[in-house]
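A quick write-up on the structure given underneath.
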Amino acid sequence: MTAFFSFISGILFDIRLVDYLRRNRTIQEDHCQDLGYDGLAVLSTPEVWYYAMKLTEHVRVERSKSLYIGMQYQPEAGALLWDDDARPRSDSPFRSNPPSADATFRYTRLTPAADMRIDRGDNRKMALCGNHKNTASESWGRTVQGELVTSDRKVLDQRKLFSYPECALLCGMTLDCRAAEFNFDLLTCTLIGEYTGSGNMANPDVTTYIRTTF
Ligand SMILES: *[C@@H]1O[C@H](CO)[C@@H](O)[C@H](O)[C@H]1NC(C)=O
């Protein structure tokens with residue numbers, strides 16, 4: 001378990017670019033399923049998001065194309081959700097935040113400018129296909145010695161773990177995790193969600209993992 005740092009790999013994220021225009025979102029989603037994917041790609045974590053930005057860079061930047069991705073308004077939930085039912089993280093890169101979607105204006109596209117916009121889904125666009133039960137197997141971030149200095153923090157979880165790498169990986173597997181503090185003395189891993197504040201304070205017992213954000 002050493003691959004935590006800004007490392008881009010095509011193997012760990014199984015998403016596929018469909019770089020031709022099909023009629024609409026429904027037809028693109030069906031096409032993804034014909035290719036063996038669960039549907040359109042779910043880009044719910046910063047790690048998969050940056051991978052998708054690399055994968056689509058040429059079609060977005062050189063060809064100014066938008067792509068359908070796997071997020072839509074779910075009337076039963078009354079909310080915009082990723083197609084694996086995950087709720088988008090608060091720092092998700094929407095063009096206008098919070099996004100406004102409803103039962104007719106319900107789908108999402110990735111724009112040439114690398115943000116997300118709500119879309120009717122009724123016209124021709126490219127697509128990203130993916131599986132919805134991805135288990136994260138890597139996390140991107142950096143390591144700082146000491147604990148975070150925060151004025152406001154949301155603790156998501158705290159548990160006993162034996163090593164810092166396990167703590168960093170657990171953060172990467174937790175959608176809302178932004179940072180994780182590992183205490184070598186107590187062997188505790190604290191997962192932190194949204195926080196305000198910056199910098200870190202020397203504490204020889206604690207190493208902090210700062211996860212990449214959107
Ligand atoms: C896409 O086109 C098909 C066939 O014309 C239609 O059944 C479907 O409702 C359309 N989907 C959207 C989102 O417009």
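The analysis underlying the following values was restricted to heavy atoms, covering all of them including side chains, and did not include hydrogens, waters or symmetry mates. Whatever order the structure lists them in is the order used to number ligands and atoms, beginning at 1.
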Proximity of Tyr37 and His31 rings by center, below 6.0 Å: no
Rounded distance [0.5 Å steps], OG1 in Thr150 versus CE in Met201: 8.5 Å
Close side-chain approach of Leu80 and Arg87, heavy atoms under 4.5 Å: no
Pairwise disulfide bond (SG atoms under 2.5 Å apart) hits with a residue in residues 181-214, at least two apart: Cys167-Cys189
Qualifying residue, where the test is side chain to side chain donor-acceptor pair (under 3.5 Å) with Thr207 and the options are Glu181, Gln145, Glu147: Gln145
Protein N/O near ligand 1 N/O, under 3.5 Å, which pairs?
{"unit_1": "ligand 1", "atom_1": "2 (O)", "unit_2": "Asn24", "atom_2": "ND2", "d": "2.3"}
{"unit_1": "ligand 1", "atom_1": "11 (N)", "unit_2": "Asn24", "atom_2": "ND2", "d": "3.0"}
{"unit_1": "ligand 1", "atom_1": "11 (N)", "unit_2": "Thr26", "atom_2": "OG1", "d": "2.7"}

Donor-acceptor contact below 3.5 Å, side chain Lys160 vs main chain Leu186: yes
